[in-house]
Amino acid sequence: MQPKARHAYVPGLAALLAVAVAGCSGGGAGDGSASDSKPGGPTSATVAQPGKYRTLREACGTVPRATIKEMLPGTATLPETQQTKAYRGTPSVTYDTDRRVGCSWKADAPDASHQLVIDLERVVSYDPAVSDADRAQEVYAKQETAADLPIPGSGDGAGDTGAGDTGGTGGTDSPAGGPSDGSPSATGTPSTKDSGSGSGSGSGSGSGTATASSGAPGTSGTSSTSGTSAGLEPRVLDGLGDAAFLDDALTRSGSATQRRTVSVVFRTSNVIVTVRYSEQPARSSAVPDSEELQAKARGLARKLVDQLNA
């Protein structure tokens, strides 16, 4: 009788051990570790680095007072109270100052009127595989292409890049009125292509800025780079940020006076900056000096690069 009892006990113990082993195996498969190791899972994706700049400075405070005084000589003739207002500038209307800011200044003198507009856009990529800086380069490249810069050696003029284009300022004024990454607009203006309205909205200089861009609403003039000397034509600039170009447009308005607008556009990491500087002489026979305007616009652009890199 004892052998039979012991013989029946062994199979029962084996069955109990089998159940225990099966339970342990099932628990290991259900702890979620197996799903994390699947090829192509979320953890295997490469996320691009965010941009260097996470916010923007207040635009009207970026230009030193001495620079404004130099670029807008008419401010020296204004009464003190008006000088203070002129130096303060008019900020652009934007909905997100971390994404887009701008400011404009204007002053009239007996011999000429001057206007300065700056626009700063921080580009953000919403594609995890594309960095903010790469996305900003795409936006900048579109602006440079839209500027239709002359091809060096094309025979379309003299200088290192040939003669100017006929769409001058319109191309450089296209950093877009809002974020250029497909996100909701961060500014109240549709585009800075409207000769400063994007960055100088509310500056009270609508008629003046309208003539800065060929084909702008309310203008009857045409834009060209006639009057620019060799080497001063619209061109790509070296040593200014990560990429930069300059545009120079001479516009004859309906009143027969000529207005020259120099635009410098540059990119540093994920920020694109536009400096637009215009002069309109009081006399119809006077032609604004391209070399002087370009030198001042480029000088300000370098100061803005230094501020961004500080």
Give the minimum heavy-atom separation between [X] and [Y], together with the two atoms involved.
{"X": "S92", "Y": "C103", "result": "OG-N, 3.7 Å"}
{"X": "P288", "Y": "L293", "result": "CB-CD1, 4.1 Å"}
{"X": "A136", "Y": "I272", "result": "O-CD1, 3.5 Å"}
{"X": "P281", "Y": "A112", "result": "CA-CB, 3.7 Å"}
{"X": "L56", "Y": "L120", "result": "CD1-O, 3.7 Å"}
{"X": "S278", "Y": "T261", "result": "OG-OG1, 2.9 Å"}

Sidechain-backbone polar pair: [X] side chain, [Y] backbone, donor-acceptor under 3.5 Å:
{"X": "Q307", "Y": "T62", "result": "yes"}
{"X": "R99", "Y": "R122", "result": "yes"}
{"X": "Q83", "Y": "L78", "result": "yes"}
{"X": "Y140", "Y": "A244", "result": "yes"}
{"X": "Q294", "Y": "L232", "result": "yes"}
{"X": "D132", "Y": "G51", "result": "yes"}
{"X": "E233", "Y": "G231", "result": "yes"}

Those residues that, when tested against E291, pass salt bridge (Lys or Arg N to Asp or Glu O under 4.0 Å) (two or more places apart):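 Partners of E291 by the salt bridge (Lys or Arg N to Asp or Glu O under 4.0 Å) criterion come out as none, since no residue qualifies.
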Salt bridge (Lys or Arg N to Asp or Glu O under 4.0 Å) partners of D242, counting only residues at least two apart: R267
Member of L304, L240, L300 meeting the side-chain contact (heavy atoms from CB on, under 4.5 Å) criterion with V264: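 When side-chain contact (heavy atoms from CB on, under 4.5 Å) is applied between V264 and each of L304, L240, L300, only L240 qualifies.
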I need the [X] [atom1] to [Y] [atom2] distance, nearest 0.5 Å.
{"X": "R283", "Y": "T257", "atom1": "CZ", "atom2": "OG1", "value": "11.5 Å"}
{"X": "Q137", "Y": "S125", "atom1": "CD", "atom2": "OG", "value": "13.5 Å"}
{"X": "Q115", "Y": "S104", "atom1": "CD", "atom2": "OG", "value": "6.0 Å"}

Pairs satisfying salt bridge (Lys or Arg N to Asp or Glu O under 4.0 Å), at least one member in residues 49-65, at least two apart: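 Passing the test, one end in residues 49-65: no pairs.
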Residue pairs, two or more places apart or on separate chains, that pass salt bridge (Lys or Arg N to Asp or Glu O under 4.0 Å) and touch residues 70-86: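 Qualifying pairs: none.
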Verdict with reasoning, R235 to L149, per side chain to side chain contact (heavy atoms under 4.5 Å, CB included): CA-CA 6 Å; R235 60 198 182 278; L149 303 180; 5.8 Å; no
Derivation and outcome, side chain to side chain contact (heavy atoms under 4.5 Å, CB included), residues T268 and V305: CA-CA 7 Å; T268 174; V305 169; 5.6 Å; no
Pairs touching residues 272-310 that satisfy disulfide bond (SG atoms under 2.5 Å apart), sequence neighbours left out: none
V262-L237 co-clustered via ILVMFWY side chain contacts under 4.5 Å: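 As far as the 4.5 Å side-chain criterion goes, L237 and V262 are connected within one cluster.
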For A282, side-chain contact (heavy atoms from CB on, under 4.5 Å) partners two or more places apart: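 Testing A282 for side-chain contact (heavy atoms from CB on, under 4.5 Å), a comparison that skips the adjacent residues, returns none.
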Contacts of type side-chain contact (heavy atoms from CB on, under 4.5 Å), residue A107, not counting sequence neighbours: L72, T75
Output all residues satisfying side chain to side chain donor-acceptor pair (under 3.5 Å) with [X], sequence neighbours left out; order by chain, then residue number.
{"X": "E138", "result": "R135"}
{"X": "D98", "result": "T55"}
{"X": "T67", "result": "K303"}
{"X": "S269", "result": "none"}

Close side-chain approach of R252 to L250, heavy-atom, < 4.5 Å: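 They are not in side-chain contact.
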Partners passing ring pair (Phe, Tyr, Trp, His ring centres under 6.0 Å) against Y277 (at least two apart in sequence or in another chain): none
Side chain to side chain contact (heavy atoms under 4.5 Å, CB included) evaluation trace for V273 with L308: CA-CA 10 Å; V273 180; L308 288 168; 3.9 Å; yes
Pairing of R100 and D119 as salt bridge, 4.0 angstrom limit: yes
Intermediate values then yes/no, side chain to side chain contact (heavy atoms under 4.5 Å, CB included), V287 and R260: CA-CA 8 Å; V287 179; R260 184 179 296 282; 3.9 Å; yes
